[in-house]
Amino acid sequence: MGRKWLALLLGLVLLLSGCGTAGDGSASAGEETVALVGQPYDYDLGEYLKLRDYTGIRYTPLGDPGRSDVQWGDTVTLELRLDIDGVEEPSEGIDTITVGDSGFLEGFDEGLVGRSVDETVEMELRFPADYGNPDYAGRAVEVTAHILLLDLSAYRDRNESALWDIVVGESEVLQYPEKELLRYEEDYRELYEAFARQYQMSLDDYLQAFFQITEEELPERCRADAEAAVKEDMVLWAIWRDAGLSLTEGDLENCRQLWLQTYGYESEADMPAAWDDASIAQSLQRLAVERKVKTLLLQSAVEE
């Protein structure tokens, strides 16, 4: 199954779920708010959901997203210069690696650990005797690595996800709104049917092979999927409205690269339509809403 096609299928429910009402305030000074497309849950959510207090959650953070020193497992972007013994011209470029899994020369990753952003690291290394390029095999090399960027977003994302799970898990559904529940059930059934067609299998064979259920049991599974999705939706929009949040063009711009990654596109040139396409604009706004709500949870949380 193609990566892009799979990503689009996985985004089906997100695209169909709508983007809610525009919030009030919370925009940066001088920035105009963006009116969001659609009006999901355009009623008092208090009748359907008992929302857990979402501010001041006490939690034990994963990692330290505020640090500037490189540690094992970090993603770093480097400006590199390789002066290879016996080679007249140096090799230069910019590369992004995971420290501890760079696949580069022995000692390279170790030389980065403990160093800081904007620091230049000089290392005397050597290509192994059995190196794939015989022109370099066994040669000494002076490596100059300038640390441009330390990407700690994985820690931030994991902490935000942990806090989100707490809020969703400890919020209580008083009753499910039938309209949204039915729409989600239909969306999930379409999703399973689409995967079955992609695998060139009957729906029943696909369900038994991948989920160990029969087609007769699919409605029950779709209902469970729908209930989970609707609960998360209601929590999201309840926080959004209660906190008086809103989006700006800057918020949307900051989410465009994430949108491309989420839906499996390498660049804007690969997109099926422009950003102003209704469905794309809707899903981009929804992604930006999620980012803003989860950022709020993290900013107001209390580290233990």
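Just the heavy atoms: all of them, side chains too, but no hydrogens, waters or symmetry mates, feed the values below.
Following chains of ILVMFWY side-chain contacts shorter than 4.5 Å, one cannot reach Leu174 starting from Leu181, and the two form parts of different hydrophobic clusters. Linking ILVMFWY residues whenever their side-chain heavy atoms come closer than 4.5 Å, directly or via other members, places Tyr131 and Met123 in the same cluster. By the rule that hydrophobic residues join a cluster once side-chain heavy atoms approach within less than 4.5 Å of another member, Val230 and Val173 end up as members of one cluster. Linking Ile, Leu, Val, Met, Phe, Trp and Tyr residues whenever their side-chain heavy atoms come within less than 4.5 Å leaves Leu148 and Leu112 in two separate clusters. Grouping the Ile, Leu, Val, Met, Phe, Trp and Tyr side chains by contacts below 4.5 angstrom, directly or via other members, places Phe104 apart from Leu149.
Between Ala137 and Ala129, the closest heavy-atom pair is CB-O, 3.4 Å. Scanning both residues, Glu106 and Leu125, for their nearest heavy atoms gives O-CD2, 3.5 Å. The shortest heavy-atom contact between Ser283 and Tyr263 is CB-OH, 3.7 Å. Taking every heavy atom of both residues into account, Ile280 and Ala273 meet most closely at CD1-O, 3.5 Å. Pairing each heavy atom of Asp44 with each of Gly46, the nearest pair is OD1-N, 2.9 Å. Minimum interatomic distance between Met234 and Pro177 (heavy atoms only, all atoms of both residues): SD-CD, 3.8 Å.
Side-chain contact check for Glu232 and Trp164: at least one donor-acceptor pair (N or O, by modelled atom type) lies under 3.5 Å. Side-chain N/O atoms of Ser279 and Gln282 include no donor and acceptor closer than 3.5 Å.
Within the model, atoms CG of Leu150 and OG of Ser116 stand 9.0 Å from one another, a figure rounded to the nearest 0.5 Å. With rounding to the nearest 0.5 angstrom, the OH atom of Tyr184 is 12.5 Å from the CG atom of Leu191. The distance from atom CD of Glu249 to atom CD of Glu32, rounded to the nearest 0.5 Å, is 9.0 Å. If you take CD on Glu266 and CE on Met271, they are separated by 14.0 Å, rounding to the nearest 0.5 Å. Distance check, rounded to the nearest 0.5 Å: CG of Asp204 to CD of Glu217 gives 9.0 Å. Taken from CG in Leu298 to CD1 in Ile57, the straight-line distance is 10.0 Å, to the nearest 0.5 Å.
Checked by atom type and distance alone, the side chain of Asp109 pairs as donor or acceptor with a backbone atom of Asp101 at under 3.5 Å. Judged by distance alone, with hydrogens and angles left aside, the side-chain atoms of Asp85 form no donor-acceptor pair with the main-chain N or O of Val141 at under 3.5 Å. Asp242 contributes no side-chain N or O that, together with a main-chain N or O of Ala238, makes up a donor-acceptor pair within less than 3.5 Å. In terms of modelled atom types and a separation under 3.5 Å, the side chain of Asp74 and the main chain of Val76 share no donor-acceptor contact. Of the possible donor and acceptor atoms, none in the side chain of Asp205 sits under 3.5 Å from a partner among the backbone N and O of Met201. Between the side chain of Lys231 and the backbone N or O of Val168 there is at least one donor-acceptor pair closer than 3.5 Å.
Counting heavy atoms from C-beta outward, Lys292 and Leu247 have side chains that approach closer than 4.5 Å. Residues Leu252 and Trp275 fail the side-chain proximity criterion, which asks for heavy atoms closer than 4.5 Å. Side-chain atoms of Tyr59 and Val302, non-hydrogen and from C-beta on, never get closer than 4.5 Å to each other. Annotation: side chain of Pro272 is not in contact with side chain of Asp277 (no heavy-atom distance under 4.5 Å). Between Ile147 and Glu79, every side-chain heavy-atom pair lies at or beyond the 4.5 Å cut-off. Within the 4.5 Å cutoff, no side-chain heavy atoms of Pro61 are placed close to those of Arg158. Looking only at side-chain heavy atoms (C-beta outward), Leu78 and His146 stay at 4.5 Å or farther from each other. Side-chain contact between Val235 and Leu51: present, with at least one pair of heavy atoms (C-beta onward) separated by less than 4.5 Å.
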Show every donor-acceptor pair shorter than 3.5 Å between a side-chain atom in residues 86-100 and any protein atom, with sequence neighbours excluded, or say none if there are none.
| residue | atom | partner | partner atom | Å |
| --- | --- | --- | --- | --- |
| Glu92 | OE2 | Arg81 | NH1 | 3.4 |
| Thr96 | OG1 | Thr77 | OG1 | 2.9 |

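The pair Glu253-Arg256 meets the salt-bridge criterion, since a charged nitrogen lies less than 4.0 angstrom from a carboxylate oxygen. Salt bridge status for Arg291 with Glu160: present, with a side-chain N to carboxylate O gap under 4.0 Å. Classification of Arg156 and Asp151 as a salt-bridged pair fails, no side-chain N sitting under 4.0 Å from a carboxylate O. A salt bridge links Glu193 with Arg189: the distance from a Lys NZ or Arg NE/NH1/NH2 to an Asp or Glu carboxylate oxygen falls below 4.0 Å.
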For Glu122 and Glu142, what are the C-alpha separation, side-chain angles and deciding distance, and is it a side chain to side chain contact (heavy atoms under 4.5 Å, CB included)?
CA-CA 7 Å; Glu122 296 182 350; Glu142 294 182 4; over 6 Å; no
In sequence, state the C-alpha distance, the side-chain angles, and the governing distance for Arg286 and Glu290, and then conclude on salt bridge (Lys or Arg N to Asp or Glu O under 4.0 Å).
CA-CA 6 Å; Arg286 171 58 182 266; Glu290 290 182 359; 3.1 Å; yes
Before you tell me yes or no, could you show the steps for Ser171 and Tyr54 under side chain to side chain contact (heavy atoms under 4.5 Å, CB included), namely the whole-Å CA-CA distance, both residues' side-chain angles and the distance that decides it to 0.1 Å?
CA-CA 10 Å; Ser171 295; Tyr54 57 88; over 6 Å; no
Please lay out, stage by stage, how Tyr176 and Leu182 fare under the test side chain to side chain contact (heavy atoms under 4.5 Å, CB included).
CA-CA 10 Å; Tyr176 285 98; Leu182 288 174; over 6 Å; no
Go through it in stages, so that I can follow the logic: the residues are Trp237 and Leu49, the test is side chain to side chain contact (heavy atoms under 4.5 Å, CB included), and I'd like the CA-CA distance, side-chain angles, deciding distance and then a yes or no.
CA-CA 11 Å; Trp237 295 112; Leu49 179 77; over 6 Å; no
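Between Phe210 and Phe195, the gap from one ring centroid to the other reaches at least 6.0 Å.
Every residue meeting the salt bridge (charged side-chain N to carboxylate O under 4.0 Å, His left out) condition with Arg115, not counting sequence neighbours, appears here in chain and number order: Glu119.
Heavy atoms from other residues, nucleotides or ligands lying under 6.0 Å from CD of Glu216 number 12 at most. Other residues, nucleotides and ligands place more than 12 heavy atoms under 6.0 Å from the CD atom of Gln175.
Residue pairs meeting the salt bridge (Lys or Arg N to Asp or Glu O under 4.0 Å) criterion with at least one partner in residues 49-59, sequence neighbours excluded, are Arg52-Glu170, Arg58-Glu304.
Using the six-membered ring where Trp is involved, Tyr43 and Tyr41 have ring planes that are perpendicular, over 60° apart on the 30 and 60° scheme.
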